[in-house]
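Worksheet: one structure, shown below.
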Amino acid sequence: MPVITIREALNQAIDEEMARDKNVFIMGEEVGHYNGAYKVTQGLLAKYGDNRVIDTPIAEEGFAGVGIGAALTGLRPIIEFMTWNFSLVAIDQIINNAAKMRYMSGGQFTLPMVFRGPQGAGGSLGAQHSQTFENYFAYVPGLKVIVPSTPHDYKGLLKSAIRDDDVVIFMEAEKAYNYTGEVPEEEYLIPIGKAEVKKQGSDVSIITWGIMYFTAMQAIEKLEAEGISVELVDPRTLRPLDSETILSSVRKTKRAVIVQESWPVASFGDHIAALVSREAFDSLDAPVEIVSGEDVPMPYAFPLEEAALPSVEKIIAAVKRTLA
Amino acid sequence: MPESARTKKLLGFYDQMLRIRRFEEAAAKAYAGGSIKGFCHLYIGEESIAVGAIANLEKQDYIISTYRDHGHALARGMEPGSAMAELYGKETGCSKGMGGSMHLFDKDLRFMGGHGIVGGHVAVAAGLAFGARYQKERSVTLAFIGEGAVSIGGFHEGLSLAALWKLPVVFIVENNLYSMGTPQYRHLSVKDISMRAEGYGMPGKRINGSNVYHVFEEVRDAVNRARSDHGPTLIEIITYRFRGHSMSDPAKYRAPGELELKKEKDPILVTHAELLSIGVSEDTLKAINDKNKKIADDSVEFAKISAFPPASDLHKYTYVNP
């Protein structure tokens, strides 16, 4: 099976879906002539032309709104935010318009569109460029939220997102664009709303998504060397959440550690912790642990950024607390 | 246009303006009686804009509006019963009771909603025009915007993109002189909003809205321009609302006597006088009024006897594929 980067997986997904459906177009800052700020859209302008690969001014609220209007006319826009940090000036469009147009029209309109782009720490980018916001969007009925981890999941889920008739928030990891993994040559789709048990284990369940999957896997390697068997559940989609896969894992291992890059207060990890505590209370042998980013704006200084993020050591310590 | 054709057109406008006026008077009564809840923003006094502007549209054209949307919906041809039932929150309403007064939608009419976030629909209007052009439809989008929206970023970004991409959209700023309770001089540094068009590289004009035929002609030029792919236009239309910002606003911020003075320029009275002056009989005009009074009453009856959506519909429209 070919080994490709997450960047290539995304590019293939967009390319294949644009080839398949002429109503799919991509719009955003630097997506065309510049070939993408992170080169996700490399080569697409040359292939599909500037009617379908559309460079925009720096006007997130504007082009998010244009995407919504275009979706109302039956098109399938992919709206790229250079990073999700910049989506905040467009959040009115996403929450007040995209998420509600179907509901408040009594189901007359569908918005088959994807908002996508990278988020999270990118390596000393400072406080305004290093944030994760999945909880902002997962909070909102009317949106679907996907935060994939492996190149395989990125490709299969983005293709599903583009074909989906609802509004999909697709959140990539800025630091992971060069991460590699096996991706089949033949076409495949991954269903939205299905978690995957990425590693079987028996002593404790780690529930994690996005780039934290890689940090958790490093921790698991060390834990297993110490004889601790860890199961890793990757929800992949946060809304709709595959609660059953998470709960059945926790019921088996009796312990849960949630790992997220986000800040710890009012986070998506809290939602999963509440779910597990409510639905699997009788199975739990230890309180649910959450490993989060530290509760601070991201510092620039390199060692401090490292200290602000979840680490292998923090995950190992949390796992051991559940076993104490 | 031959005089008879013009008269016919004007009679049609008069009919439509009265349909809106009588509808909203009935809505105000129902609101006072507690049958309509929430926010209810009346368009009374501004009807000439919706009627004159929308008369230029074809079936494939789009309209997007603000929360003050009853007039635009009715002028586009929405069934008054469907609109009133929506105000009553009934399942026979145009948005199945899920939208209410501020969120009238009708896909068949390409009526793309009343929108409740000031300025939030301006870029969406550009998107409707973008979508139409992408699909090679000769559709024009008409976007109604209040003058209170011209200070928010969404207005700027929407007009900026529409001009950059020469999208087939006409932006109509309905300037009723008050942004909720704030008069223009206290929220804008300029008197002439249409001047802003120049900054985007699109034509702009400022017209008086009390004459419906004048509105019709001025908007016609902009619609034709958009349809022939020459890009967007910004039209500021001066008007006045005779009621408060919403049903809960007694409008005490007006200067004494201002409302009475403005009512002399009531677009319905202006049209009434013009029709009389060109020989249409008072009886004919009274018959039009009576007809629309009955349409309004019937719409209320329809809304009353309609059912609320069942509780089982609570989650029905959140997703296509939950």
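So that the names make sense, note that chain A is the first sequence line, chain B the second, and so on, each numbered from 1.
Put simply, of A/Ile68, A/Leu143, A/Thr56, A/Leu111, the one with the most heavy-atom pairs under 4.5 Å next to chain B is A/Leu143. Per-residue counts of heavy-atom pairs under 4.5 Å with chain A were compared for B/Pro322, B/Gly154, B/Ala126; the largest is that of B/Gly154. If you tally non-hydrogen atom pairs under 4.5 Å between each of B/Asn321, B/Thr141, B/Val320 and chain A, the highest count goes to B/Val320. When each of A/Gly62, A/Ala90, A/Pro112 is checked for heavy-atom pairs under 4.5 Å with chain B, A/Gly62 comes out on top. The choice from B/Leu164, B/Leu104, B/Asp108, B/Asp106 that makes the most heavy-atom pairs within less than 4.5 Å of chain A is B/Asp106.
The shortest heavy-atom contact between A/Leu75 and B/Gly131 is CD1-CA, 3.7 Å. Of all non-hydrogen atoms in A/Gly142 and B/Thr318, the two that sit nearest each other are N-CG2, 3.5 Å. Closest heavy-atom contact between A/Val24 and B/Tyr134: O-OH, 3.5 Å. Across all their heavy atoms, B/Phe105 and A/Ser105 have their closest contact at CG-CB, 3.4 Å. Contact record, A/Glu61 with B/Ala123: O-CB, 4.0 Å, taken as the closest heavy-atom pair. Heavy atoms only, all atoms of each residue included: A/Gln108 and B/Lys107 are closest at OE1-N, 2.8 Å.
A/Lys144 touches chain B through backbone and side chain together, each having a heavy atom under 4.5 Å away. When heavy atoms are compared at a cutoff of 4.5 Å, B/Ile64 does not approach chain A at all. With a threshold of 4.5 angstrom between heavy atoms, A/Gln93 approaches chain B through side-chain atoms but not through N, CA, C or O. Proximity to chain A (any heavy atom under 4.5 Å) is shown, for B/Glu137, by neither the backbone nor the side chain. The part of B/His115 that comes within reach of chain A is its side chain, from C-beta onward, which places non-hydrogen atoms under 4.5 angstrom from that chain.
By the neighbour-count criterion of 12 heavy atoms within 6.0 Å, atom OH of A/Tyr188 is densely surrounded, having more than that number from other residues, nucleotides or ligands. Heavy atoms of other residues, nucleotides or ligands lying less than 6.0 angstrom from CD1 of A/Ile58 number 12 at most. Atom CD of B/Glu79 sits in a sparse spot, with 12 or fewer heavy atoms from other residues, nucleotides or ligands closer than 6.0 Å. The environment of NE2 in B/His315 is sparse: at most 12 heavy-atom neighbours from other residues, nucleotides or ligands sit within 6.0 Å. Within 6.0 Å of the CD atom in B/Glu58, the count of heavy atoms belonging to other residues, nucleotides or ligands exceeds 12. Summarising the local packing, CZ of A/Phe86 is surrounded by more than 12 heavy atoms from other residues, nucleotides or ligands at distances under 6.0 Å.
In this structure, OH in B/Tyr62 is found 8.5 Å from CG in A/Leu72, a value given to the nearest 0.5 Å. In this structure, the separation between CG on A/Asp92 and NE2 on B/His121 is 12.0 Å, given to the nearest 0.5 Å. We find the NZ-OH distance between B/Lys96 and A/Tyr103 to be 12.5 Å, quoted to the nearest 0.5 Å. Separation of atoms OG (B/Ser95) and CZ (A/Phe109) is listed at 8.5 Å; rounding is to 0.5 Å. To the nearest 0.5 Å, atom CE of residue A/Met27 and atom CG of residue B/Leu161 are 7.5 Å apart.
With hydrogens and angles disregarded, a donor-acceptor distance shorter than 3.5 Å links the side chain of B/Gln135 to the backbone of A/Thr73.
Note: B/Phe130 and A/Phe25 have tilted aromatic rings, judged against thresholds of 30 and 60 degrees for the angle between ring planes.
When the options A/Asp164, A/Asp165, A/Asp166, A/Thr110 are evaluated for a side chain to side chain contact (heavy atoms under 4.5 Å, CB included) with B/Tyr319, the one that passes is A/Asp166.
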